[in-house]
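Please read the structure below before turning to the comments.
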Amino acid sequence: MAAKTRILVPGTIRERVLDRLKESFDVLRIDRADPSLLARSEAASISGVAVSGAFGAAMIEHLPALEIIASFGVGYDGVDAAAAAVRGVTVTNTPDVLNDEVADTTVGLLLNTVRRFPQAEAWLREGRWKREGAFPLTPLSLRGRRAGIYGLGRIGLAIAERLKAFGLDIAYHTRRPREGVPYAYYPSLPELAEAVDILIAIVPKTAETHRTIDAAVLRALGPNGVLINVGRGWTVDEEALIAALRDGVIAAAGLDVFYDEPNVPQALIDLPNVSLLPHVASASVVTRDAMADLVADNLLAWFGQGAALTPVPETPFTRKTG
Ligand code: NDP
């Protein structure tokens, strides 16, 4: 029975997802999540979706027999989960399997930002060590710093554990304090920024997190302050950040995510006190494979056992059969 279930895959997705799905399902691919690419009769045959990226309300509307949207990635802001919930459609994401990878990347990006390792390596590669001598001492160091984590969720906690091992004092802000953690809680983001000199953002893209790291928060972080963003570019007022980095309002920033990817403002690229990565926090083969498997396993569990493995909080449904 499962062999006849039809899964739609719009756009590109990791090949491993397709290989896994083809073992058990009939897979239909279209170029992108656009209702005009799918005739009504074909749309009616779709029971599930596997997607990496956007899947909006118009697509959900267009698929009358849709039961589940398995989204690749832990952040599912591209999928209209509210519209899915209204229709009784389950949305799944890929939590936990990427925590360690993203936390590792965060520490790497923090070190690159503070100790300027990319610039130091470029110094060697360009022959400047031989010609000009030692790379200049970095004005910034991790030593003696206090880190504030904006979003102490699954990934935030993995970041905190790593930074604790680095000897840093840790504080955090979330909407509600997290039970059973030894870190100091601040009930607002400006208060957290005031209390620390490293601010690490790892919150989801929601209406509430939009441009919350603004000029006032950057001022509170202060002239020795370092901002690291590995959550979503949406969370940062990029104009305010560029001004703060240019004017010495904060010392440096390390960014893996941007407001309008892949368009990174030239003004940001031109700054000497930033370290920039092209959204690679989870981008290793082993972790992307684990994410791919969780996308496929969610669909298999839904159509096989009647419940998804990792539904998002907005859609805690089980499968109606018969
Ligand atoms: P979780 O849901 O486990 O954690 C989210 C955390 O953010 C929670 O502590 C939550 O606490 C807090 N939070 C949510 N909304 C707010 C708010 N308005 N104000 C303050 N805190 C808030 O998610 P994960 O840790 O698994 O992932 C976090 C995000 O990281 C993802 O949604 C994704 O966007 C991003 N990400 C980026 C990657 C990259 O490649 N750069 C890779 C993986 C993830 P509370 O609910 O109490 O407020």
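Nothing fancy with the numbering, it's 1 onward along the sequence. Remember, it's 1-based here, ligands and their atoms both numbered in the order they're listed.
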Just to confirm my output: which protein heavy-atom neighbour is closest to atom 47 (O) of ligand 1, and how far is it? R176 N, 3.3 Å

So which of R175, R154, H279, H210 gets nearest to atom 15 (N) of ligand 1, if we judge by its closest heavy atom? R175

Short side-chain donor-acceptor distance under 3.5 Å, Y150 and T235: no

Heavy-atom pairs closer than 4.0 Å: do any link ligand 1 to the side chain of I155, the backbone, both, or neither? both

Residue pairs fulfilling ring pair (Phe, Tyr, Trp, His ring centres under 6.0 Å) with at least one residue in residues 237-264, sequence neighbours excluded: H210-Y259

Using heavy-atom distances, let me know which of I202, L157, T94, L98 sits nearest atom 30 (O) of ligand 1. I202

Looking at atom 22 (C) of ligand 1, what's its closest protein heavy atom, distance included? V203 CG1, 3.7 Å

Please state which protein non-hydrogen atom is closest to atom 38 (C) of ligand 1 and give its distance, to 0.1 Å? V230 O, 3.6 Å

Can L109 be reached from I200 by stepping across I, L, V, M, F, W or Y side chains whose heavy atoms are under 4.5 Å apart? yes

Record the part of T212 in heavy-atom contact with ligand 1 below 4.0 Å; permitted values are side chain, backbone, both and neither. neither

Where's the contact between V74 and ligand 1, heavy-atom distance under 4.0 Å: side chain, backbone, both or neither? side chain

The atoms of ligand 1 lying under 4.0 Å from a heavy atom of V257, numbered in the order shown, are 41 (N)

With heavy atoms under 4.0 Å as the rule, classify the contact between R178 and ligand 1 as side chain, backbone, both or neither. neither

Give the single entry among G233, P204, G151 that approaches atom 5 (C) of ligand 1 most closely by any heavy atom. P204

Among D100, L157, L168, which residue satisfies the side chain to side chain contact (heavy atoms under 4.5 Å, CB included) criterion with R162? D100

When you measure from atom 42 (C) of ligand 1 to each heavy atom in V102, N99, N93, N229, which option holds the nearest one? V102

Within the 4.0 Å heavy-atom cut-off, what R232 brings close to ligand 1 is side chain

Output side-chain donor-acceptor pairs under 3.5 Å for residues 41-60, partner residues at least two apart or in another chain, one line each.
unit_1, atom_1, unit_2, atom_2, d
S45, OG, R6, NH1, 3.0
S45, OG, E42, O, 2.6

